[in-house]
Every structure is written in C-alpha cells, then in structure tokens.
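Read the structure below first, then the notes.
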2 protein chains.
Amino acid sequence: MAKPQPTLTQLRALVGVADHRHFGRAAAALHVSQPTLSSAVAALERTLGVQLVERTTRSVLLTGVGEQIVARARGVLGAVDDIAEVAMRARAPLTGDIRLGVIPTVAPYLLPRLLPTLRGRWPQVRLRLREAQTSTLLAELRGGALDLALLALPNDEPGVTEIPLYDEDFVLVTPAEHPLAGGSAVPLAALAGQDVLLLEDGHCFRAQALDVCREAGARERATLRAASLSTIVQMVAGGLGLTLLPAAAVGVEVGEGRGLAVATFSRPVPHRRIGLAYRATSARVVDWDLLAQEVRAALPGTDLELCPVPVGNPKVTRSG
Amino acid sequence: MAKPQPTLTQLRALVGVADHRHFGRAAAALHVSQPTLSSAVAALERTLGVQLVERTTRSVLLTGVGEQIVARARGVLGAVDDIAEVAMRARAPLTGDIRLGVIPTVAPYLLPRLLPTLRGRWPQVRLRLREAQTSTLLAELRGGALDLALLALPNDEPGVTEIPLYDEDFVLVTPAEHPLAGGSAVPLAALAGQDVLLLEDGHCFRAQALDVCREAGARERATLRAASLSTIVQMVAGGLGLTLLPAAAVGVEVGEGRGLAVATFSRPVPHRRIGLAYRATSARVVDWDLLAQEVRAALPGTDLELCPVPVGNPKVTRSG
DNA sequence: CAAGTTTGATAGCCTCGATCTATGGCTAAG
DNA sequence: CTTAGCCATAGATCGAGGCTATCAAACTTG
C-alpha cells in the first residue's frame, strides 16, 4: 500500500483552522473558500488516519494528536518560508541591515580596515555595530539581537556556527630600555618573574594572555587592570610593567617615539584565532560567507595568517 | 505579485538530485521519470529565482545556495515524515517497544505496581527497562538510546520535556529504640547532630537527602556510603545510624519485626517530585501521556500526592 | 576524426486532484 | 418553531504534475 503523504496545502489548512478555531475565518485568511479548507483538513485526516479536529457547529477544537501535529506543521511551514528567504537573500546578497557584534580587542584594529572596503564593494549593506565582550555577544546572538559576532574562537556554543578568519600572534610590548625590548625570538620562559599588565575581567584576551603568563611563570600586576589595550600600552610606556598585545593591535597602539618596543616570541608562538559566529539556523549563511571573504580581504597583509576557506564553490557574486 | 511557494515534491526532487548527483538515478530512486524530476528541479529554481544545481552532461553539482537549501529541505521532509509517524503512533497507541530508564531509588518500588497494570491494559506494549542514575539516563535519552526516563524533577535539560507524576515525602527511618522512633511530626532540627547514612555519589536521592541534612545540621556517616536503599536500611537496623527514605520505599524496605521505626517530618515536609522525561522532538508524546496516566493509576494510594494532569483533552483511548 | 553513448532538457499529451459555486444538514438561540 | 450560523457534500472546472518521445550537448572510442 502506497501511503499518501500530507501536502503543504493541507498543513497550511490545518494550521489555519488551529489559529482561528473557525473554518470560515480561517478560509478567508488563507484566501480560499470554506469548502476547500474543509476538504483539505478532511483529506489530511484521511491520509493520516487520525481525527485531528473536533467539529461541532458551535466550536472547533483540536484533539491531542491534532495539537501535536499542528505544532510540527508550524515547524514545517516555517522551514519552507526559511527556504524562500534563503533564496531571496542569495538573489540579493549582502544587502540590508547586518547587526554585527565585535569584541573590544578586535574592533578598533579590524573595523577601520573593513568598513571602507565593505562600503566600496557592497554599498547596499548597512552594518549596525555593537562592541561588547564575548559572553554578551553570544547571548545576544542566541537571543536574535545580533546577526553575527566577530570574536575569538572556539566557543563551543551549541546552535552557533563559527567561520575561522585568521590567526594572530601575541607579541610582547615593553619599555624601550627593557632587557627584552625588541627581541625577535623571545622564549616564553623569559617572562618569568616579570610584571605583566592585563585587561580587566571578562575580556577573552585577558584569559588568553593569562594562560601565557601562567605557563611562562610571569605574574600579573593585579592592582592595575585596565579597561582597554590602549590604556595598558600607556601604562607600559609609563614604566609600570610590560604587556602582551594581539598582533593586529600593534600598528595602532605602539607608535613611534613613545619609548616602546615590540618583541616577538619564539615558537611555539602564542596566538589566538579570530572568526565569525552566527546562529546555525540563520537564513543568511551565504551572506556570512561573503562577509568572511571581505574580512579576509581587508586584513593587514603581514602578521596575520589567513585561515583556509572551508567549503564549496563560491558561486554567488556581486549583483550588478 | 503572488509568490509561488516551493512544493514538497520539488523539495524531494532536489534532495534526490543532491543525494545521487545524477538525474537519472535520482528519478529511479524517487519512482518518477527523469523528465519529471528535471522539470521539478527546474520549477523549484524558477520559483526561488536562484540556480541550485550546476548541470553538465558529465556531472551534477550543487551551488552554495543549493547546499543551504538542500539542508533545509531535508529538515522539512524529515518533519513531514515525523508528522506521519505521530499520526501512526496515535492510531495504534502504546504499542511496540518502549525503552524506559528508571533511577534506582524509584525502580524497585514503582515497577512492581506499574508492570502488572500495564501488561493488563496495554498488552501490546513491550517495556525494555534500564536502571541507571540520572546523569546516565539523561545522556542516553538525548542520544536516542532511551525513549523515556523516570526520574526526579526538575532537570532543566535543554531539549528534554518533563511530565510531573507525583510528589513523595521523605520519611525518617530509625532503630526502634531511637528517641525519634515513630514520631509523627518531627521537626527537621531534631536531626541536628545525628548520624545519617546516605547513598554513594551519583544518586540524586543522595543529593536531595544531603540538602535536608545540611539544613537540619545532621552529619553524614561518610565512611558508610551504600549502593542501595536496601543496604542502608540494613545498616540502620544494625544500629549504625538513621536514614531518610522516599515514601514509596517504606513499604518494601521497612518490614515488620526488624527493629525499625518510621517517623514523619513536620511541615514543611521535605519531598521530591518524580516524573517522566522525553526528548522534546519525540514523535510519541501521545504515548508518553498515556503512559503517565498508567503510572498515576498504578500509584500506591496513600503517601504519594498526584501531580495535576497538565493539558488537553485525552481523546485517545485504547484501541480495541 | 567521426560515430556512438550517455545524460539532461524540451515538447506534447493526459490524468488526477485542488478549487470553486451551490446546496444540504445540524445546532443553538429566541 | 423559526432563524441564523456553520461545516460537510456534490458536481463542474482548470491547472499542476506525470509520462512518452525526442533533441542537444559532451565525452568516449575505434
């Protein structure tokens, strides 16, 4: 026996009846006639072999199975709408609002490079930026307040997919007269006993740098936690200690003639991976992949190592 | 402009092509002719306005958008199959295998009452029982190795739905000659300084009883952790201390003439809630509701307080 | 290099099912 | 008992989706 499968039209009819609890009004809302709706629901019940709706002339109620199936039908119809939206987004890629959250240790160094490129190549896109720490960004991402987050990977957040973008080394910033100043392959162990200045709690870069310090045997100057890398670098210039910076920050934070020197570590060089994160259910994956390409294209050429582009054939190109 | 929506047939066609990477074979697998399949995919691309498949005479590839949409289409088709299964299950309620996990502090006291009732009223059902601690049960439930778990609530497990069944009070079991023996409204504070025997780590009832002890100021005899309530009661009879039992265990564990006495607490009486847990995506919710009714019907009449039946109209009755 | 083979697209026809209008039957209210 | 409201049924119509036959393109092979 061949089992007839439910039809999308039938599912829409059922959901409509469930919503309105009234065949006539549901039919009007679905722009079909009442008998059409009636027979659609009846056909669904026939193919499923179960009564879904209790009809009396006075009221329309769902049976227990009916409730179950209505819930699933809503899911199906929503997913079909999603498919249409995915296609629509792909037809007009990278347009409209994108709510992007960025962590504070990336934003000031990457955005000045990204924004002009993006505006030039995708004038239709409007970035709505938000700067916050990782935990905030992930919460807002899951809650739907953000479309996309630019942060350090991995986060192992269920339901969130990540696109790796680049790896950036950590470098050592010291006063110019410091013994380690300007070194080119400083071993981690050279940090032992040094006073290292770090960000305040909640910054992921604080945790990453702290790991390095622990391994190296350095100690944190805990009384001097700063709110930004900028402040920390000022403090280093003031002779209060030394600090680690992610490579991308060096150009902006360590200027000439400020009495500062940058040293690089010997292998294995401590580093972190930066990438994009989005809800796995997002209908705009194609957009996010394109944006990832733009970020990679906007990267400073030297110190940052691009992550390989993961998948598939990037068939979608700019429209126009 | 009215947008034509994708059809289930079209989605099936697309998924088939994605699976086989070959129109002819996909058509055979779907039991349609090759031109039909071809035109279905073409129609889908037309309604979505996006190219989904790269066709050459030599190979068939998916575009980026195509991959996205295939993934979602699989979800849609799976959900539709689920709907059919929900209906099928409702047509033949409570039949077939049910893999039920039960925690050790419930199983020996509830199952002897439940099993005969169940066999009598639903002879077609076959329970495959498994006794394990909460964490194991929940892991197996999520992994699909179990259909259903009978344990203490709440667990706040994402993706897992819980049906409350009954609340059971904790009672105090002491040697017959103990000062608290047989009391009828013992305040928790009376436990202060007493030696209480508890289960070994991992049992949820251990944690629950330990909470009571902490609040009451009792101390655990940590050198005597037991693997079962049965063992603990033996130890109490041997004068090694006293213990807490969930009410349902009293009848089985505390017999006559074994030198044991049962005392009840004053209000607020410590208690725990027992219920069923299942994957929120399960297609057999109707079955689980029915089984919950059977558990309630099988309950010992006196000490356990039924939880209110939550929802809906239990339209489904026994078939036959 | 030409013929053959493989494979997906197109054309034309047909069938079945979804939809419509018209109507019937049931229930609750007055 | 009548009336109004509401869902089910009947019969007609039309289009989506199916099939067979054929074409066009590309790779293979003697």
Side-chain angles (χ1 to χ4, degrees), chain A residues 1-63 66 70 73 76-77 80 84 315, chain B residues 1-63 66 70 73 76-77 80:
Chain A
M1 79 184 197
K3 263 194 191 171
Q5 286 244 323
T7 305
L8 284 182
T9 315
Q10 291 170 358
L11 296 184
R12 271 186 270 269
L14 177 66
V15 169
V17 169
D19 284 342
H20 293 84
R21 307 195 163 284
H22 188 288
F23 277 68
R25 285 192 284 277
L30 293 174
H31 306 108
V32 296
S33 71
Q34 172 265 314
T36 299
L37 188 79
S38 227
S39 73
V41 174
L44 183 59
E45 289 180 322
R46 193 164 359 99
T47 63
L48 294 181
V50 180
Q51 183 178 4
L52 303 173
V53 182
E54 292 268 325
R55 310 114 150 113
T56 69
T57 51
R58 264 306 158 216
S59 65
V60 172
L61 288 179
L62 290 174
T63 64
V70 164
V76 170
L77 298 177
V80 172
K315 279 294 163 193
Chain B
M1 78 183 198
K3 262 191 194 174
Q5 286 244 323
T7 304
L8 284 181
T9 314
Q10 291 170 357
L11 296 185
R12 271 187 270 268
L14 176 65
V15 170
V17 169
D19 284 341
H20 294 84
R21 305 194 164 286
H22 188 288
F23 276 70
R25 284 192 285 277
L30 294 174
H31 306 107
V32 296
S33 70
Q34 172 265 314
T36 299
L37 187 80
S38 226
S39 74
V41 174
L44 182 60
E45 289 180 320
R46 196 163 358 98
T47 65
L48 293 180
V50 181
Q51 183 178 4
L52 303 173
V53 182
E54 293 267 327
R55 310 115 151 114
T56 70
T57 50
R58 262 306 158 218
S59 66
V60 173
L61 288 179
L62 289 173
T63 64
V70 165
V76 169
L77 298 176
V80 171

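These numbers were taken from a predicted model, which means no experiment stands behind them.
The side chain of A:His22 lies closest to D:dC6 when the candidates are D:dC6, C:dC20, D:dG18. Nearest to the side-chain atoms of A:Pro35 among the listed nucleotides C:dT19, C:dT21, C:dG8 stands C:dT21.
Contact annotation: B:Ser39 does not reach the phosphate of D:dG17 (side-chain N/O to OP1 or OP2, under 4.0 Å). In this model, the phosphate group of C:dA18 is not approached by any side-chain N or O of A:Thr36 to a distance below 4.0 Å at OP1 or OP2. Residue B:Ser33 places at least one side-chain N or O under 4.0 Å from the OP1 or OP2 atom of D:dC19.
Rounded to whole Å, atom P of D:dG17 lies 11 Å from atom CG of A:Leu8. B:Gln5 has its CD atom 13 Å from the P atom of D:dG17, to the nearest Å. Atom pair B:Phe23:CZ and C:dT10:C1' shows a separation of 14 Å (rounding to whole Å applied). As a whole-Å value, the separation of A:Arg12 CZ from C:dT19 P is 10 Å. Look at CG on B:Leu37: it is 14 Å from P on D:dT20, rounded to the nearest Å. Rounded to whole Å, atom C1' of C:dA18 lies 12 Å from atom CZ of A:Arg46. B:Leu61 places its CG atom 15 Å from the P atom of C:dT7, with the value rounded to the nearest Å. When rounded to the nearest whole Å, the span between CG of B:Leu30 and P of D:dG18 equals 10 Å.
To the nearest 0.5 angstrom, A:Thr9 atom OG1 is 9.5 Å from B:Gln5 atom CD.
Here the side chain of A:Glu45 pairs a donor or acceptor atom with the backbone of A:Leu52 at under 3.5 angstrom.
B:Leu14 is listed as a side-chain neighbour of B:Val53, based on a closest heavy-atom distance under 4.5 Å. At a threshold of 4.5 Å between non-hydrogen side-chain atoms, the residues B:Leu8 and A:Thr7 do not count as touching.
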